[in-house]
Amino acid sequence: LNELGSESAKIKAMGIMDKLSTDKIVKVLNILEKNIQDGSKLSTLLNHVSFKLHHFTTLCRIEFLHLMTKSADACLTAINIMTSPNMPKAVYIEDVIERVIQYTKFHLQNTLYPQYDPVYRVDPHGGGVLSSKAKRAKCSTHKQRVIVMLYNKVCDIVSSLSELLEIQLLTDTTILQVSSMGITPFFVENVSELQLCAIKLVTAVSTF
C-alpha cells in the first residue's frame with residue numbers, strides 16, 4: 001500500500017490517471033475502502049490492549065501503529081486517484097470519501113493530538129487532573145518514527161482533501177465533518193505542519 005500510494009502520486013503528477021480503465025479504478029477504490037476501514041478504530045483497541053498487557057505495550061503499539069499507517073496509505077491512494085486531472089464521475093464514490101474523512105478525523109483526535117499535545121491525553125488509570133499548562137510543560141518532544149510517519153501522511157490527506165473539495169460537490173453532512181477537521185488543529189499545539197494544511201482545507205470549505 002505504501003508503494004501504491006507513491007506510484008499513484010506519480011501517476012497523478014503525470015496527468016495520466018484518466019487513461020486507466022474506469023471499471024478497474026472503481027474496483028481498486030472499493031478494495032482501498034476495506035483497507036481504510038481496517039485502521040479506522042484501531043486507536044481504541046490500542047489503548048485497551050496497552051492497558052491489559054503492560055509487558056507488551058511497546059510491541060502492541062508499534063504493530064497497531066503500522067496497521068494505522070497502512071490504512072493511511074490506502075487513504076492517500078484513494079485521494080490521489082480522485083484528485084487526478086480529468087477523472088470520470090464514477091470514481092467519486094461517496095462511501096470511500098466518507099471513509100477517508102472518518103479515518104482522518106478519528107486518528108487526529110485519538111492518535112495524533114494526544115501524541116503531540118498532552119492536553120488531549122486521557123489517563124486510563126485515573127489520577128489527578130493537571131492543568132493544560134502543566135500537562136504541556138511535562139510533554140516530551142521525542143516521537144516514535146512510526147508516529148511521525150503517520151502524522152506526515154495525515155497532513156498529506158488533509159491537504160489533498162482540500163483539492164477534492166475544489167473538484168467534487170460533497171453532501172452537507174460531509175462538509176460539516178470536513179469543517180470540524182479543518183478548524184480543530186488550530187487549538188492543538190506542536191502541529192504547525194497540520195495547521196498549514198488545515199488552512200487550505202478551511203479555505204476550500206469557505207468557497208464551497
Side-chain angles (χ1 to χ4, degrees), residues 1 5 29-30 32-48 50 61 64-83 92-122 124 143-144 146-208:
L1 279 164
L29 286 169
N30 287 326
L32 289 171
E33 183 192 355
K34 302 301 181 186
N35 282 275
I36 296 167
Q37 187 175 9
D38 287 345
S40 292
K41 302 295 183 182
L42 276 174
S43 189
T44 301
L45 181 59
L46 170 64
N47 291 333
H48 174 75
S50 296
R61 282 188 177 277
F64 280 125
L65 286 168
H66 277 299
L67 289 172
M68 292 178 205
T69 304
K70 179 202 76 167
S71 294
D73 286 323
C75 288
L76 277 172
T77 303
I79 292 293
N80 284 337
I81 291 171
M82 293 181 188
T83 55
Y92 302 111
I93 303 171
E94 189 174 320
D95 288 345
V96 178
I97 295 171
E98 288 183 359
R99 189 74 69 185
V100 169
I101 293 169
Q102 288 169 4
Y103 170 89
T104 308
K105 190 173 180 179
F106 182 86
H107 283 298
L108 281 171
Q109 293 284 355
N110 295 279
T111 307
L112 294 174
Y113 292 161
Q115 287 290 329
Y116 282 83
D117 190 339
V119 169
Y120 287 82
R121 292 177 193 169
V122 177
K143 299 286 182 295
Q144 290 178 329
V146 68
I147 282 288
V148 176
M149 188 185 304
L150 181 62
Y151 173 75
N152 290 332
K153 289 180 186 295
V154 168
C155 285
D156 289 340
I157 294 169
V158 172
S159 181
S160 296
L161 281 171
S162 63
E163 294 180 47
L164 183 62
L165 285 174
E166 295 171 0
I167 298 170
Q168 177 63 11
L169 187 67
L170 303 180
T171 64
D172 290 345
T173 304
T174 304
I175 288 295
L176 284 173
Q177 289 192 61
V178 172
S179 300
S180 172
M181 187 195 306
I183 293 169
T184 307
F186 298 106
F187 300 96
V188 184
E189 293 202 358
N190 307 313
V191 290
S192 55
E193 299 88 355
L194 178 61
Q195 288 169 347
L196 287 173
C197 297
I199 289 173
K200 290 177 61 180
L201 187 60
V202 171
T203 302
V205 169
S206 66
T207 58
F208 210 74

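Below, all heavy atoms of this structure are taken into account, side chains as well, without hydrogens, waters or symmetry copies. Since the structure is predicted, the reported quantities are computational estimates derived from the model, not experimental observations.
When side chains are defined from C-beta on, Leu194 counts as touching Leu108, because their heavy atoms get closer than 4.5 Å. Contact check for Thr69 versus Leu1: no side-chain heavy atoms found under the 4.5 Å cut-off. Side chains of Thr207 and Glu166 form no contact here, defined as non-hydrogen atoms less than 4.5 Å apart.
Minimum interatomic distance between Ile36 and Ala74 (heavy atoms only, all atoms of both residues): CG1-CB, 3.7 Å. Between Gln168 and Tyr92 the shortest heavy-atom distance is OE1-CD1, 3.5 Å. Closest approach of Cys75 and Tyr103 over heavy atoms only: SG-CD2, 3.6 Å. In this structure, Gln115 and Ile147 approach most closely via the heavy-atom pair CG-CD1, 3.7 Å.
With sequence neighbours left out, Thr83 forms a side chain to side chain donor-acceptor pair (under 3.5 Å) with Lys12. Applying the side-chain contact (heavy atoms from CB on, under 4.5 Å) rule to Asn30 yields the partners Val26, Glu33, Ile93; only residues at least two apart in sequence or on another chain are considered. Considering only residues two or more places apart in sequence or on other chains, Lys153 meets the salt bridge (charged side-chain N to carboxylate O under 4.0 Å, His left out) condition with Asp73. Every residue two or more places apart in sequence or in another chain was checked for a salt bridge (charged side-chain N to carboxylate O under 4.0 Å, His left out) with Lys200, and none qualifies. With sequence neighbours excluded, no residue forms a side chain to side chain donor-acceptor pair (under 3.5 Å) with Asp156. Scored by the side-chain contact (heavy atoms from CB on, under 4.5 Å) test, Cys197 finds Cys155, Val158, Ser159 as partners (sequence neighbours excluded). Under the rule for a side chain to side chain donor-acceptor pair (under 3.5 Å), Tyr113 has no partner lying at least two apart in sequence or in another chain.
Among Val100, Thr77, Ile97, Ile167, the single residue meeting the side chain to side chain contact (heavy atoms under 4.5 Å, CB included) criterion with Met82 is Ile97. Results of the side chain to side chain contact (heavy atoms under 4.5 Å, CB included) test with Ser162 over Leu201, Thr203, Val202 single out Leu201 as the only residue that passes.
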Working for side chain to side chain contact (heavy atoms under 4.5 Å, CB included), residues Val191 and Leu112: CA-CA 9 Å; Val191 290; Leu112 294 174; over 6 Å; no
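Taking CG of Asn35 as the reference point, atom CG of Leu67 lies at 10.5 Å (rounded to 0.5 Å). The CD1 atom of Ile157 lies 15.0 Å from the NZ atom of Lys105; values are rounded to the nearest 0.5 Å. Here the CG atom belonging to Leu165 is positioned 11.0 Å from the OG atom belonging to Ser160, to the nearest 0.5 angstrom. Taking CG from Leu170 and CG from Leu161, the interatomic distance works out to 8.5 Å, rounded to the nearest 0.5 Å. The line from CD1 of Ile81 to CG of Leu29 is 4.5 Å long, rounded to the nearest 0.5 Å.
Note on residues 148-180: pairs passing ring-ring contact (aromatic ring centres under 6.0 Å, His included), not counting sequence neighbours, are Tyr116-Tyr151. For residues 170-181, the set of pairs meeting the salt bridge (Lys or Arg N to Asp or Glu O under 4.0 Å) definition, not counting sequence neighbours, is empty.
Between the side chain of Asp117 and the main chain of Glu189, a donor-acceptor pair closer than 3.5 Å is present. One N or O on the side chain of Gln195 and one on the backbone of Val188 form a donor-acceptor pair closer than 3.5 Å.
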Pairs under 3.5 angstrom only: tabulate donor-acceptor contacts from the side chains of residues 173-187 to other protein residues two or more places apart or in another chain.
from	atom 1	to	atom 2	distance (Å)
Thr174	OG1	Thr171	OG1	2.8
Ser179	OG	Ile175	O	2.8
Thr184	OG1	Ser180	O	2.8

